[in-house]
Amino acid sequence: MTFLSVRTLLYTLFSVIFIYFFVFCDNQENQNDFSENLNNSELVNIQTQDKSETQDESETQDESETQDESETQDKSETQDELINSYPFELIDSSGETIKFTESPNRIVAFDSAALETIFELGEGEKIVGTHDFVAYPPEAEKITRVGGAFNMNIEAIIGLNPDLVFIFSDQNLNDLRNAGLKVLYIESLNNDFTKISDEIKMWGRILDAELKAEDIIFDFENRLKNIEKAVENINIKQSIFQDVGGLWTPGPNTLVGEVFDLLNSNNIAYDVDGYVQISREIIVDRNPDIIITLDIESITKDPAFNDINAVSNNRVYSLSSDALSIGGPRFIEGIEELAQLIYSENIDSFLTTK
Amino acid sequence: MNKQIFIQRKKNYLYDNFKVYWIIFLSFSLLLIGCIAVCIGSVNIPILELIGIIYDKIFGYHNSNTNFDVIIFKIRIPRVLLAGIVGFALAMSGATYQGLFRNNLADPYLIGVASGAGLGATIIIVSPLPIYFGIINVLPFGAFLGAISCVMLAYFISYKSNSLTLTTLLLAGIAISSICGAITALLMIGSDPDIRPVLSWLFGSFTSARMEHVILVLIYVIPSFLIILGFSRYINILQLGEDHAMLLGVNIEYVKKALIVSASLATAGAVSFCGLIGFVGLIAPHMVRLIWGTDYRYLIPLSSLVGAIFLILADLIARTILGSSELPVGLVTAFCGGPFFLFVLRYQMRYRFK
Amino acid sequence: MVLQLRDINLTYNQNLILSNININFNQGEIVGLVGKNGSGKTSMINIINGLQKPTSGIVSYNGENINSMSIKYRSKFISVVPQKINFPTDYKVIDLVYMGRNPYIDFFHMGSNEDLEITYDVMEMTNIVNLSDKLISEISGGEIQRVAIAMALNQRSPILLLDEPTSNLDLVHQVMVLDLVKKLKNKYNTSIILSIHDLTLASKYCDRIVMLKDGILFAEGKPLEIFNQQNIEDVFEAKVRINKDPLDDSILVIPEII
């Protein structure tokens with residue numbers, strides 16, 4: 001009896017500690033991201049290498065690239081168009097060099113953003129497997145599911161016989177590599193949504209669809225510029241609060257937080273790091289003009305929120321899609337929807353609707 | 001020793017003045033700590049303004065600053081009250097289970113309350129049904145139903161030929177707990193990857209405390225407390241063993257049923273609105289036992305008060321330590337309660353207070 | 001004739017523990033149950049106090065079946081000092097002795113002055129008044145036995161059952177406990193049923209002896225009549241010599257060393 005209870009105690013303690021880290025891993029990742037920003041840009045920029053170039057030289061080249069990014073980016077773009085051929089090499093988030101000698105034909109895309117990008121590039125039929133929670137695009141319905149982030153079914157992945165496995169977290173990286181698979185591991189974006197275009201470019205390079213990728217990036221950046229233009233003359237900043245469930249909200253250094261900055265609105269969670277559960281007192285005190293939530297009634301029916309601007313002006317909205325939670329090509333649609341919710345008809349003329 | 005002196009002394013002892021004074025003292029400290037907890041929060045309200053708001057509220061004046069008004073009356077006061085009542089209920093049922101099972105390591109979640117409530121809540125969160133049914137949040141009711149059905153199942157399994165075997169009840173509770181835990185994990189794995197709401201529920205949180213919750217929990221806690229207090233003398237006698245208690249005229253079947261039902265009801269009621277808060281139900285009775293001794297007539301009210309004070313303080317830390325964001329209160333109870341408990345265990349305070 | 005056992009049979013897992021027991025106990029007598037270990041003494045005590053229901057037969061107190069009484073009501077008539085008591089170590093002596101008043105205290109009550117007076121009397125009688133503030137973990141085995149007896153006496157019942165009250169005690173404490181029992185009988189006219197292994201002590205203190213052998217009532221009667229060599233050798237299957245105490249004519253049982 002005593003033994004059982006002691007075990008229960010220990011079990012509780014361990015699970016508390018485990019889940020604590022699990023819940024707050026986002027924060028830690030974000031902090032890392034800041035330091036790895038340089039690194040990240042290095043990863044996503046495609047490294048074209050002549051066979052004569054040695055590894056050391058490429059590293060020194062990387063350093064120079066980060067120092068004046070714009071120049072080298074232009075250079076690499078022109079190089080891409082000129083060379084446009086295999087083989088080429090990529091350095092992924094684990095520091096591994098991945099060599100591509102031809103366009104992969106059987107891809108396991110273990111990431112919603114990557115999957116959407118590949119479909120957008122028109123290469124969707126090359127995906128043979130993905131994770132359990134993919135909901136978009138509809139064509140992805142038929143793709144074999146190989147588990148979730150915490151229960152990846154490695155045997156099933158091997159059984160699909162892929163020639164490229166793309167993952168966004170390094171949880172199963174070594175297992176997959178040990179199984180002899182070619183694994184590309186790029187950490188999923190937690191901030192700086194302008195990097196989405198870099199990822200699209202990377203996929204265009206890998207799948208030999210660079211022209212298509214350029215189109216998508218052009219469209220993405222064009223629409224982004226339109227929105228920037230639309231909001232730059234707006235002087236009154238509206239405060240905004242996004243509830244992603246249970247009053248968890250994105251801070252400034254997240255993808256969504258940056259979108260709020262772009263849209264010239266004040267995120268009421270300006271003093272937090274990553275995703276946190278914000279206190280109700282703070283919401284009442286900072287009095288958001290707009291609330292974005294999953295479940296509108298959970299806000300409007302809360303007696304404490306009766307008097308805040310968003311509720312009394314009927315400006316509690318929920319987004320129509322999950323576009324803002326996935327850093328893929330569809331992200332711009334999410335930004336546009338948000339812009340429309342904030343500025344309503346004032347902004348319509350600036351938006352390029354499809 | 002003279003008979004009259006003996007009787008007078010023992011009378012004082014039986015109506016233990018010393019401990020009665022402690023109960024009064026703790027009640028006042030509970031009140032004081034509650035008031036302090038209302039004054040402190042992530043939004044800083046100056047103390048003079050706070051007194052002014054309360055003064056205005058009592059005498060019916062309308063205050064101009066509605067924000068502070070809402071924060072105090074619709075967020076902080078319900079929250080502090082709920083934390084106090086939940087701490088009270090958990091410590092009370094922890095003490096009851098410890099007495100009933102004659103095991104100092106028993107806690108209020110022993111016979112499947114926690115895992116049942118967890119399963120109920122997870123089913124509600126995972127299912128496609130909305131969490132808000134009209135204006136009523138169905139999550140607490142799911143949790144309550146889960147908790148009660150698990151306890152009932154354990155109860156009927158161990159109820160055999162008109163008597164309740166406590167050892168079987170304990171073992172059945174553990175088995176049912178692990179089954180429910182497994183189902184909960186299964187549901188979580190198979191559901192949307194964003195399980196932060198479930199997690200913050202599993203760790204306990206008073207974020208969404210409202211006055212209605214306070215009243216609903218009180219409906220369970222007050223009758224349970226009265227029943228348990230009335231039976232506390234029988235818990236003392238039960239310490240001699242069931243057979244001996246029966247020889248002393250205690251109808252143990254009746255006592256066991258009443259105690260299990262009321263302790264489980266109080267726990268389920270508490271758990272359903274704020275999630276699983278560990279350690280309170282274990283630590284509070286233990287501390288009281290080490291300081292004031294085992295007599296359950298005093299142990300139960302004293303540990304209930306200590307539990308209430310402890311949880312109000314833990315919640316105060318949970319909602320203020322991270323500035324504008326919140327920490328699950330279960331983490332605070334584990335991190336503060338664990339080491340403090342070890343300290344108390346090391347320096348058996350009992351001898352100082354006697 | 002306070003307590004009657006009529007046609008008591010007890011089987012447990014198809015083993016016959018007690019068979020066809022018929023005994024009457026009278027007001028104000030001390031009855032000693034003797035027999036080998038496993039002969040059914042404890043089972044009989046448990047049947048009398050209602051913890052164990054007999055397979056067949058009736059135990060009646062003043063014509064009332066004790067198994068149909070409520071637990072609280074029954075505990076006003078029958079009190080027991082069990083063979084093994086697991087006292088919780090964290091309680092004071094006074095707390096435990098006061099627990100004996102439980103049948104007389106109502107739900108939500110603490111007990112009256114009268115309960116305290118009775119408790120004092122009982123503690124004085126068992127000579128533990130000076131221990132009243134000590135914890136159970138601080139007192140000796142003989143004192144614990146006296147606490148257990150005080151607890152049973154506090155029930156103020158007309159019948160007191162003692163299951164091997166003298167085992168694990170030294171000679172002085174054995175005599176002290178049995179003197180107490182005798183005092184009780186003289187003072188309150190209580191009927192006392194005790195199981196005991198020491199036949200010499202049994203013959204000195206008991207008014208009547210009941211001999212059990214393998215669940216059967218082997219012999220019953222005054223100690224002088226039934227403590228003869230034949231009976232004792234049959235029941236205990238051991239060689240003994242019987243002597244008479246020259247002072248009070250009680251029986252001395254001396255084991256033969258082979």
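Letters go in sequence order (proteins before strands), and every chain restarts at 1.
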- Task: Report the option among A:Asp302, A:Ile308, A:Val272, A:Thr249 that has the most heavy-atom pairs separated by less than 4.5 Å from atoms of chain B.
- Result: A:Asp302
- Which bit of B:Ala318 comes within less than 4.5 Å of chain A, counting heavy atoms only: side chain, backbone, both or neither? neither
- State which residues pass ring pair (Phe, Tyr, Trp, His ring centres under 6.0 Å) with A:Phe260; sequence neighbours excluded, sorted by chain then number. none
- Output, in order, the C-alpha distance, side-chain angles, deciding distance and verdict of side-chain contact (heavy atoms from CB on, under 4.5 Å) for B:Thr207 and A:Leu247. CA-CA 9 Å; B:Thr207 303; A:Leu247 299 183; 3.8 Å; yes
- Task: Kindly give the heavy-atom pair with the smallest separation between B:Lys74 and A:Pro303, and that separation in Å.
- Result: CD-O, 3.3 Å
- Task: Can you measure from OG (A:Ser279) to CG (B:Leu322) and round to the nearest 0.5 angstrom?
- Result: 11.0 Å
- Check the pair A:Arg280, B:Arg210 against side-chain contact (heavy atoms from CB on, under 4.5 Å), reporting the backbone distance first and the verdict last. CA-CA 11 Å; A:Arg280 281 158 89 223; B:Arg210 293 196 212 162; 4.1 Å; yes
- List the steps, then state whether side-chain contact (heavy atoms from CB on, under 4.5 Å) holds for B:Glu326 with A:Ile278. CA-CA 6 Å; B:Glu326 308 226 343; A:Ile278 200 151; over 6 Å; no
- Task: Mind checking the CH2-OG spacing from A:Trp248 to B:Ser325? Nearest 0.5 Å is all I need.
- Result: 8.5 Å
- Show the numbers, then the answer: is there a side-chain contact (heavy atoms from CB on, under 4.5 Å) between A:Val284 and B:Phe68? CA-CA 8 Å; A:Val284 172; B:Phe68 286 170; over 6 Å; no
- Message: Would you compute the distance between atom CG of A:Asp285 and atom CD1 of B:Ile45 and round it to the nearest 0.5 angstrom?
- Response: 7.5 Å
- What are the two closest heavy atoms between A:Ala304 and B:Val70, and how far apart are they? O-CG1, 3.1 Å
- Task: Give a yes or no answer on whether the side chain of A:Glu281 reaches the backbone of B:Ser42 with a donor-acceptor pair at less than 3.5 Å.
- Result: yes
- Message: Taking atom CD as the centre, does B:Glu212 end up with more than 12 heavy-atom neighbours from other residues, nucleotides or ligands that are less than 6.0 angstrom away?
- Response: yes
